[in-house]
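Given the structure is predicted, the values throughout are model-derived calculations rather than measurements. In the text below, chain A, chain B and the rest are named by the order of the sequence lines, each starting its count at 1.
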2 protein chains.
Amino acid sequence: MVDRTTNRRVARKPATPSPTLQDVAQAAGVSTATVSRCLNSPELVVEQTRERVLAVVQELGYAPNFGARALAAKRTNTIGAIIPTMENAIFARGLQAFQEELARHGLTLLVASSSYSPKLEEEQIRTLLARGADALLLIGFERSARAYELLQQRGVPYVIAWAYSAGSDHHAIGFDNRAAMRALARQVFGLGHRDVAIIAAPMDSNDRARERVLGIWDAAAEVGLDRDALTLVQTPYSIENGARVMAEILAGPRQPTAVMCGNDVLAVGAMGAARAAGLSVPGDLSITGFDDIEIAGIVTPGLTTVHVPHRQMGIEAARVLATLLSGGAPPVPLLLETQIISRASLGPVSGT
Amino acid sequence: MVDRTTNRRVARKPATPSPTLQDVAQAAGVSTATVSRCLNSPELVVEQTRERVLAVVQELGYAPNFGARALAAKRTNTIGAIIPTMENAIFARGLQAFQEELARHGLTLLVASSSYSPKLEEEQIRTLLARGADALLLIGFERSARAYELLQQRGVPYVIAWAYSAGSDHHAIGFDNRAAMRALARQVFGLGHRDVAIIAAPMDSNDRARERVLGIWDAAAEVGLDRDALTLVQTPYSIENGARVMAEILAGPRQPTAVMCGNDVLAVGAMGAARAAGLSVPGDLSITGFDDIEIAGIVTPGLTTVHVPHRQMGIEAARVLATLLSGGAPPVPLLLETQIISRASLGPVSGT
DNA sequence: TTGTAGGCGTTATCAT
DNA sequence: ATGATAACGCCTACAA
């Protein structure tokens with residue numbers, strides 16, 4: 001394939017196309033049906049034949065053609081997942097665990113990302129279904145009615161993760177974003193903070209972001225603070241955005257004593273900006289995050305945040321789908337526990 | 001679909017299966033061939049017919065069946081990418097850019113991860129090919145001869161990224177890991193460091209990791225240091241591993257004045273551990289990374305590292321594949337420039 | 001236990 | 001410009 005003289009690749013189409021079931025069958029001296037069985041229901045074929053066939057399969061490096069298989073069997077053993085973004089670590093760990101558990105059930109993962117856009121998400125759902133995904137993992141409840149209709153109409157099982165709602169009709173596996181953030185906010189207010197700013201992700205079309213802000217407002221109300229008393233800025237998740245917004249807040253008229261961020265990525269950025277502005281954390285300013293991703297424990301000071309059981313969520317989600325696909329009893333929505341991780345970034349309001 | 005009385009999902013298979021070309025054709029009063037043409041070569045069908053057909057397509061929410069299409073057309077407009085891991089941010093940005101550029105060419109991305117295992121990578125190659133990937137993105141040169149044979153035999157175009165080798169037969173788009181790390185190491189030695197430890201990723205089956213260590217050894221030799229004089233520890237990429245290994249080094253007999261890490265993730269972990277041990281960076285200990293991912297600029301002190309043009313690499317890789325697929329001239333391997341980013345984590349050796 | 005044969009939804013080649 | 005129709009590679013009753 002390579003012309004060694006000029007050391008340049010020779011563009012040429014395959015001399016050897018992929019071997020097919022036919023090829024294997026012929027080489028093994030059996031019918032295609034038998035080869036197919038060897039691969040899909042080995043127990044139906046007698047040991048001797050099976051061994052011979054599998055040897056040929058090995059030798060030829062045969063791999064079933066996915067399209068053909070999907071077409072004939074009407075299932076692909078493929079699970080599609082649509083996550084808002086692959087850029088930061090938020091979903092990475094959960095997805096990894098999801099994948100590992102799927103593999104344990106003989107299922108393959110197909111990932112797509114929606115960039116937090118409902119329109120794009122719907123498109124991705126369509127794409128994944130056309131690609132033959134047998135089931136889907138979706139993040140959060142919020143999406144167009146059309147998207148839900150599409151799923152129901154096609155009868156595709158799906159599970160919603162990263163969010164939980166008690167009375168929901170959907171299979172869900174997640175945690176209570178609002179309650180978790182409320183608990184954290186109580187701590188913040190309990191330490192005497194009253195000038196609190198919120199850096200959240202864009203709340204339209206992101207129920208998790210919204211729920212978390214609601215949690216803060218809940219706690220604010222408990223100490224008699226009006227929600228309008230809290231500065232609220234929305235910006236897409238990224239370290240840079242967190243830093244930029246924090247700089248803007250610090251340049252603004254009201255200096256908060258604490259900044260609660262919608263997630264760790266924003267918080268880490270905010271912390272960087274605060275430090276760059278010469279503020280000490282938590283001396284001059286307390287900062288909190290959400291998620292407890294790896295960097296939360298690495299930054300200085302350590303970030304006080306809410307631990308989310310990402311891996312467990314991924315594993316449970318995979319199990320739910322596996323159960324659904326094998327016709328098992330539809331499990332009940334599962335609520336996982338979160339936990340406040342107290343590190344140094346949150347301290348009492350500085351005495352003035 | 002949902003029984004509102006008990007508020008429990010009713011498990012049932014679709015009343016409405018996905019509409020097929022047939023359905024559309026029938027509803028529009030044309031043949032399936034015409035519908036197909038409307039979708040794939042609209043210019044071949046007269047406007048009036050086309051409009052009618054497309055209206056029906058809309059109405060029925062028709063989406064072509066991927067498997068059937070792949071089977072018939074023998075191409076999928078899908079590009080497979082096999083990256084070592086999705087867990088950390090190393091490949092995230094480049095992959096995102098890759099994806100965006102692919103989309104611009106009407107191509108879809110399919111991601112698989114190999115967990116840094118050559119065996120798994122080969123398996124993934126097989127899987128992606130079976131799934132009909134028209135071309136592949138691979139990371140680094142090192143893989144089994146079998147894997148390369150498979151690719152050549154099938155005539156599947158592929159491009160290798162994150163690495164570069166001058167005399168290579170492969171389409172590659174990357175940077176010189178060895179030279180880049182050598183340049184950084186020269187700075188380290190230039191600042192007077194002689195007790196230098198290396199925290200690298202496992203070097204078997206990871207040419208990037210190996211090249212980077214070689215670069216350090218190159219520079220060491222230039223100042224008359226034997227490579228054995230440098231402590232070398234290998235550990236998989238993760239913040240936690242970086243921290244653990246650093247702790248071990250600090251507990252060991254020889255205290256380095258500088259630690260060069262194979263990438264930023266390890267470096268950030270190492271920095272955390274150093275701080276936890278009460279060392280000041282760079283006062284007591286200098287630390288360097290590689291990649292220049294986001295956290296490098298966020299940690300305290302900022303991490304001195306090598307900037308890799310991830311996005312550009314992703315974009316160029318996508319262009320190469322698009323060109324290859326459209327039968328264009330095979331481009332020559334492309335070498336991108338890296339750049340040393342000097343932040344605070346690297347300082348002169350403390351005077352004793 | 002194994003083989004035969006029909007069909008899955010598209011594309012593409014011929015005709016018309 | 002459009003319509004028949006033969007592949008494409010595999011699965012799965014059904015038969016033997």
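In this structure, the nucleotide among C:dT11, C:dT2, C:dC8 sitting nearest to the side chain of B:Thr32 is C:dT11.
The distance between atom CZ of B:Arg69 and atom P of C:dT11, rounded to the nearest whole Å, is 5 Å. In this structure, B:Asp23 places its CG atom 9 Å from P of C:dG9, rounding to the nearest Å. Atom CG in A:Asn65 sits roughly 18 Å away from atom P in C:dC8 (whole-Å rounding). Spacing between atom CG of B:Asn77 and atom P of C:dT10 amounts to 16 Å, rounded to whole angstrom units. When the P atom of C:dT1 is taken as reference, atom CZ of A:Arg52 falls 15 Å away, rounded to whole Å. Across the protein-nucleic acid pair, A:Leu44 atom CG and C:dG3 atom P stand 14 Å apart, rounded to whole Å. Between A:Leu71 atom CG and C:dG7 atom P there is a gap of 14 Å when expressed in whole angstrom units. Rounded to a whole Å, the CD atom of B:Gln22 is 13 Å from the P atom of C:dT11.
A:Ser41 places no side-chain N or O within 3.5 Å of a backbone atom of A:Arg37 that could act as its donor or acceptor partner. When atom types are taken as modelled, the side chain of B:Asp134 and the backbone of B:Ile79 share no donor-acceptor pair closer than 3.5 angstrom.
Side chains of A:Leu321 and A:Phe98 form a contact here, defined as non-hydrogen atoms less than 4.5 Å apart.
Residue contacts for A:Ala33: at a heavy-atom cut-off of 4.0 Å it reaches a base atom on one of the strands shown. Base contact: B:Leu21 has a heavy atom under 4.0 Å from a base atom. Contacts of A:Thr34 with the nucleic acid, taken as non-hydrogen atoms under 4.0 Å apart, involve only primed sugar atoms and P, OP1 or OP2. When heavy atoms are screened at a 4.0 angstrom cut-off, A:Tyr62 is found touching the sugar-phosphate backbone but no base atom.
Between B:Tyr158 and B:His170, the ring planes are tilted. Angles from 30° to 60° get that label.
Comparing A:Arg75 and A:Ala68, the nucleotide of DNA chain D nearest to each residue sits closer to the 5' end for A:Ala68.
Within a 6.0 Å radius of CD in B:Gln58, no more than 12 heavy atoms belonging to other residues, nucleotides or ligands are found.
Residues A:Leu128 and A:Gly80 come closest through the heavy atom pair CD1-CA, 3.9 Å.
Distances shown here put every side-chain N or O of B:Ser36 at or beyond 4.0 Å from the OP1 or OP2 atom of C:dA12. Between B:Thr20 and the phosphate of C:dG9, there is no side-chain N or O to OP1/OP2 separation shorter than 4.0 Å.
Chain B approaches DNA chain D over the interval D:dA1 to D:dG9, counting the first and last nucleotide 5' to 3' with an atom under 4.0 Å from its heavy atoms.
Judged as a salt bridge (charged side-chain N to carboxylate O under 4.0 Å, His left out), and not counting sequence neighbours, the contacts of A:Arg104 are A:Glu101.
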